[in-house]
Amino acid sequence: MSGLSLDDFAFTGRGDQVLATLSAPNKVVRIRPGGTATTVLDAGDGVQNPTSVAVRGREVYVLSAACTTAEDPNLLRARLHGGRRG
C-alpha cells in the first residue's frame, strides 16, 4: 500500500485490519494485510475531512472536522458489515 495520506487509524479487532481516515478525499477506508484499501464511508455518508476514528465492537465513530468546507462538522456513528456500512 502506498499513496494514502492517513490522518488517523484504529484497529478493527479483526486480525490486522485497520480503519483509516483520509481527510482530503473525505473517506474512511478499511486496510487489510497486504495493503488492500476499500472505502467503507465517504462524503455520501456525511464524512467531511475526517480527522479521527474509533472502533468499539462493531460500531465505528468518525469525527469530521469539515476543515476545508467549514460546514457541518460532525461525529458520525456507523455499524460496519463487510465492505460498506450497513
(Q) Using every non-hydrogen atom in the two residues, find where G46 and N74 come nearest and quote the distance to one decimal. (A) O-ND2, 3.2 Å

Q) Is a donor on one side and an acceptor on the other found under 3.5 Å between the side chain of D42 and the backbone of K27? A) no

Q) Are L6 and V18 linked, directly or through other ILVMFWY residues, by side chains that come within less than 4.5 angstrom of each other? A) yes

Q. Out of V55, V29, D8, which residue meets the side chain to side chain contact (heavy atoms under 4.5 Å, CB included) rule with L19?
A. V55

**Q.** Spacing of OG1 belonging to T12 relative to CZ belonging to R58, to within rounding of 0.5 Å
**A.** 11.0 Å

Q.
Which heavy atom of P73 sits nearest to which heavy atom of A65, and what is that distance?
A. CB-O, 3.7 Å

Q: Let me see the working for T21 and T51 under side-chain contact (heavy atoms from CB on, under 4.5 Å), right down to the final yes or no.
A: CA-CA 6 Å; T21 60; T51 55; 6.0 Å; no

Q | ILVMFWY network linking L76 to V60, side-chain heavy atoms under 4.5 angstrom | A | yes

**Q.** Check: D45 side chain, V47 main-chain N or O, donor-acceptor pair, under 3.5 Å
**A.** no

Q.
Minimum heavy-atom separation for A20 and I31, please, with both atom names.
A. CB-CD1, 4.0 Å

Q. Do F9 and L63 belong to the same hydrophobic cluster, where Ile, Leu, Val, Met, Phe, Trp and Tyr are linked whenever their side-chain heavy atoms lie under 4.5 Å apart, directly or via other members?
A. no

(Q) So which atom in A10 and which in A54 form the shortest heavy-atom distance, rounded to 0.1 Å? (A) CB-CA, 4.4 Å

Q) If every non-hydrogen atom of N49 is compared with every non-hydrogen atom of S23, which pair is closest and at what distance? A) ND2-O, 3.3 Å

Q. Would you say L22 and F11 are hydrophobically clustered, going by side-chain heavy atoms of ILVMFWY under 4.5 Å?
A. yes

Q. Is there a side-chain contact between V28 and T39 (heavy atoms, below 4.5 Å)?
A. no

Q: List the steps, then state whether side-chain contact (heavy atoms from CB on, under 4.5 Å) holds for V62 with L75.
A: CA-CA 6 Å; V62 180; L75 176 62; 5.9 Å; no

**Q.** Distance-minimising heavy-atom pair for L41 and A78
**A.** CD2-CB, 4.1 Å

